[in-house]
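The structure appears right after this line, and notes come after that.
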Amino acid sequence: MRFDLIGLTLFFTASMGLAILTGRYIGRVFRGNSTWLDWLGPLERQLYRLIGVDPNEPMTWQQYALALGTLNGVWLVYAFGMLLVQSVIPVWNQQQIPDMDWMLALNTAISFLTSTNLQHYSGESGVTYFSQMGVLMFLQFASAATSLSVGVAVVRSLQPHTSRNVGNLYQDLVLSITRVFMPLSLIGAIALVLTGVPMTFSSYSVIETMEGVSQTIASGPVAAMLPIKHLGSNGGGFFGANTAHPLENPNAFSYLINLLNVLLLPMAFICFVGDFLNRRKLAVILFTIMTGYFLALTIPIVTEELRGNPAIQSLGISQASGSLEGKEMRFGTLASAVWCGVNVVIPAGTLTGMHDSFTPLSGLFMLLGMQLDAFYGGVGSGFLYMFLYLIIAMFIGSLMIGRTPELLGKKVGIPEMQIASVILVALPLLYLGATGLAVAIHNGHPDVGWLSNPGYHGFTTMLYEFVSSAAGNGSGFEGLGDNTPFWNLSTAVVMLLGRFIPLIGPLAIGGLLLQKQYVPPTVGVLPAESWTFGLLLAAVIIISGALSIFPAATLGPIAEYLTQYHF
């Protein structure tokens, strides 16, 4: 155990070092400096000509948002249509997988469009090779590029000059894919193939087991899909068991490669903020807060899982190795718990163990990590949530000392404060309201068959599904029968609103700040680049963020925990 902890600590330290280098590289990409991938320039220019856009045309935040909505609408129609007719597409359907029902197809298309990847189908039996590659993997690149582009546009708007130009969406999207996600995904795919992850378009294999029973072994172009699944904070598994599947994650080396891919770009984006704005102290403060909260959420999950499950202990089963229920034995309790902590703080939402089987207090910290979504968070989108908390904290802190709120030399007014407040209030209302509706329907019709484990755990299961949907996480408590009309349509609505409200809102705030005159800082201004403000920011996150879910948590994981220990 001690060596495992030392190894994970060294791995995390190495990840931070790579993130610093990657953040500087991303800064060069979006400043227009030369990089080792400049030879892709002619290909990018051909792509701009093909779609008929001028990558150098400036956009206001309104134009940027309109283009964003239009493109995502086109992608949604494409994905929805392809999933409805996947069985008749004449390529890559060796297993004769049928078309999706329209409600499941809509849910799946929205899920991958919003970078949530909430899978109400089983990967290897629900979609064809064509759908995996031409629809779902395409959306994983597109949704990740969308998050990164909006994040870059908001950071660009914090520069010390006055303008209405937040950038060009098409250029940001293309650079995100060609200069960031594609090269990293290619490197990751090659590394995963070397660890034993399959990359084939052959049909599934039928073998005879030692018991003399025929068994179908699913495979496919798995290695191509996994890197962007993790690099883009997406999380959609090629197989239904996700990263717990031995062909997605065959050994310790693939575990570390996949975990690095999850951590790398969200951490690198904070380094990019400091490099791009030349405010490295601010980046250090933000990174420190994010890392502190990441550890504050992950360590309790690890501790609870290593302690074991009292319900199983009461059956006379030893918990010396921790709570092994629902864990992938190749990785064990510690590695599965660490993976869980990383993937709820960063909304990739991938699994090496079934979250439904984790202990009650682990479920509480999972909910907190997803709901706050600002501790590294998604690629670009994690900073957007932190940006909202920055606005709130600066407004409160400045008023406390009787000063005009200013963030990086731009005055924070009532419109910016209103937008940030509405977003931070709307999201809890979204998932809490949806959970209340689900509870009302279940209580009125207990025979609906949604839950395999009702009571306090069942409430947590439904709450988790909606928090995961709103936060773009996509993981779930698998004790929920979710491939039903209610869950497919309700989570689709929550995913759409939970995705685009936090994208458009910060973009609007950034656009408003960019139009304001830069004011050099004075001694009378609360500086954002100070540890005092960092402490205030950390407190605001807990007060305005975590407490919004606490009343619901008392009805779910906390009540289940108290019941287990008979308090």
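As a basis for the values below, the full set of heavy atoms in this structure was taken, side chains included, without hydrogen atoms, waters or symmetry mates. Heads up: numbering here begins at 1 and tracks the sequence.
Remark: E44 engages T178, R179 in a side chain to side chain donor-acceptor pair (under 3.5 Å) (not counting sequence neighbours). For T70, the side chain to side chain contact (heavy atoms under 4.5 Å, CB included) partners at least two apart in sequence or on another chain are L66. With sequence neighbours left out, the side chain to side chain donor-acceptor pair (under 3.5 Å) criterion links S548 to Q371. By the ring pair (Phe, Tyr, Trp, His ring centres under 6.0 Å) test, W487 pairs with W450, F466, sequence neighbours left out. Contacts of Y48 classified as ring pair (Phe, Tyr, Trp, His ring centres under 6.0 Å), with partners at least two apart in sequence or in another chain: none. For E57, the side chain to side chain donor-acceptor pair (under 3.5 Å) test picks out no residue, with sequence neighbours left out. Scored by the side chain to side chain donor-acceptor pair (under 3.5 Å) test, Q515 finds R164 as partners (sequence neighbours excluded). The ring pair (Phe, Tyr, Trp, His ring centres under 6.0 Å) test applied to H245 returns F239, not counting sequence neighbours. F272 pairs by the ring pair (Phe, Tyr, Trp, His ring centres under 6.0 Å) definition with F269, F276, not counting sequence neighbours.
Side-chain contact check for I346 versus L263: some heavy-atom pair is nearer than 4.5 Å. By the 4.5 Å heavy-atom criterion applied to side chains, T114 and N72 are not counted as neighbours. Contact of the L277 side chain with the V273 side chain is registered, since non-hydrogen atoms from C-beta on lie closer than 4.5 Å. In this structure, Q140 and F181 have side chains that are not in contact, with every pair of non-hydrogen atoms separated by 4.5 Å or more. L367 is listed as a side-chain neighbour of L463, based on a closest heavy-atom distance under 4.5 Å. Counting only heavy atoms from C-beta outward, the side chains of Y431 and S468 never approach each other to under 4.5 Å. Side chains of N93 and Q86 form no contact here, defined as non-hydrogen atoms less than 4.5 Å apart. At a threshold of 4.5 Å between non-hydrogen side-chain atoms, the residues S111 and M495 count as touching.
To the nearest 0.5 Å, the span separating CG on L184 from CG on L264 amounts to 6.5 Å. We find the CG-OG distance between L424 and S544 to be 6.0 Å, quoted to the nearest 0.5 Å. Of the inter-residue distances, the one linking D356 atom CG with F358 atom CZ reads 10.5 Å to the nearest 0.5 angstrom. The distance from the CG atom of L148 to the CG atom of L231 is 11.5 Å, given to the nearest 0.5 Å. Rounding to the nearest 0.5 angstrom, the gap separating the CZ atom in F294 from the CE atom in M290 is 12.5 Å. With rounding to the nearest 0.5 Å, the separation of CG in L430 from OG1 in T435 is 9.0 Å.
For T128 (side chain) and S131 (main-chain N/O), a donor-acceptor pair under 3.5 Å exists by modelled atom type. With hydrogens and angles disregarded, no donor-acceptor distance shorter than 3.5 Å links the side chain of S421 to the backbone of Q418. Listed for the Q119 side chain is no donor-acceptor partner under 3.5 Å among the backbone atoms of T108. For D54 (side chain) and N56 (main-chain N/O), a donor-acceptor pair under 3.5 Å exists by modelled atom type. A donor-acceptor pair is defined here as one N or O able to donate and one able to accept, closer than 3.5 Å; such a pair exists between the side chain of E124 and the backbone of G240. Looking at Q95, its side chain does come within 3.5 Å of a backbone N or O of Y204 through a donor-acceptor pair.
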Requested in this report: Decide side-chain contact (heavy atoms from CB on, under 4.5 Å) for I110 and L76; before the verdict, give the C-alpha distance in whole Å, the side-chain angles of both, and the deciding distance to 0.1 Å.
Outcome: CA-CA 7 Å; I110 290 175; L76 175 58; 3.7 Å; yes
Report task. Run the numbers on S475 and N473 for side-chain hydrogen bond (donor to acceptor under 3.5 Å, both in side chains), then give the verdict. Result -> CA-CA 6 Å; S475 61; N473 188 278; 2.6 Å; yes
Report task. Applying side-chain contact (heavy atoms from CB on, under 4.5 Å), run through K229 and N261 and close with a yes or a no. Result -> CA-CA 9 Å; K229 158 187 172 176; N261 284 340; over 6 Å; no
Query - Check against side-chain contact (heavy atoms from CB on, under 4.5 Å), V29 and T35 - result: CA-CA 7 Å; V29 168; T35 70; 4.1 Å; yes
**Report entry** Intermediate values then yes/no, side-chain hydrogen bond (donor to acceptor under 3.5 Å, both in side chains), N249 and S254
**Finding:** CA-CA 5 Å; N249 199 1; S254 63; 2.7 Å; yes
Query raised in the report: Taking it one step at a time, do R156 and F30 satisfy side-chain contact (heavy atoms from CB on, under 4.5 Å)?
Result: CA-CA 9 Å; R156 193 181 284 130; F30 288 101; 4.1 Å; yes
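For L118 against G474, the heavy-atom pair with the smallest separation is CD1-O, 3.4 Å. Across all their heavy atoms, A109 and L83 have their closest contact at N-CD1, 4.1 Å. Minimum interatomic distance between A471 and D373 (heavy atoms only, all atoms of both residues): O-OD2, 3.4 Å. The minimum heavy-atom distance linking M59 with A67 is given by the pair CE-CB, 4.2 Å. When every heavy atom of P183 is checked against every heavy atom of I177, the shortest pair comes out as CD-O, 4.0 Å. When all heavy atoms are compared, the tightest approach of P250 to G196 is CG-C, 4.3 Å.
With respect to L68, the side chain to side chain contact (heavy atoms under 4.5 Å, CB included) criterion is satisfied by exactly one of D172, L169, L173: L169. Checking N117, T116, L139 one by one against N234, the side chain to side chain contact (heavy atoms under 4.5 Å, CB included) holds for a single residue, N117.
Enclosure of atom CE in M182 is not indicated, since only 12 or fewer non-hydrogen atoms of other residues, nucleotides or ligands lie within 6.0 angstrom. Counting non-hydrogen atoms of neighbouring residues, nucleotides and ligands closer than 6.0 angstrom, the CD1 atom of I414 reaches no more than 12 such neighbours.
At a cut-off of 3.5 Å, with distance as the only test, a side-chain donor of H120 or E465 sits close to an acceptor on the other residue. Checked by atom type, the side-chain pair E248/N258 shows no donor-acceptor distance below 3.5 Å. Checking N488 against N483 by side-chain atom types alone, a donor-acceptor pair falls below 3.5 Å.
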Only distances under 3.5 Å count here; give the side-chain donor-acceptor pairs of residues 497-507 to other protein atoms, sequence neighbours excluded, each with its distance to 0.1 Å.
unit_1, atom_1, unit_2, atom_2, d
R499, NH1, S147, OG, 2.7
R499, NH2, S143, O, 2.8
R499, NH2, S147, OG, 3.2

Going by atom type alone, with no hydrogens or angles, which donor-acceptor pairs under 3.5 Å involve a side-chain atom of residues 374-388 and a protein atom two or more places apart or on another chain?
unit_1, atom_1, unit_2, atom_2, d
Y376, OH, T291, OG1, 2.6

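Note on residues 342-355: pairs passing side chain to side chain donor-acceptor pair (under 3.5 Å), not counting sequence neighbours, are W339-T350, N343-T350, H355-Y464.
Salt bridge annotation for D275-R31: present, with a cationic side-chain nitrogen under 4.0 angstrom from a carboxylate oxygen.
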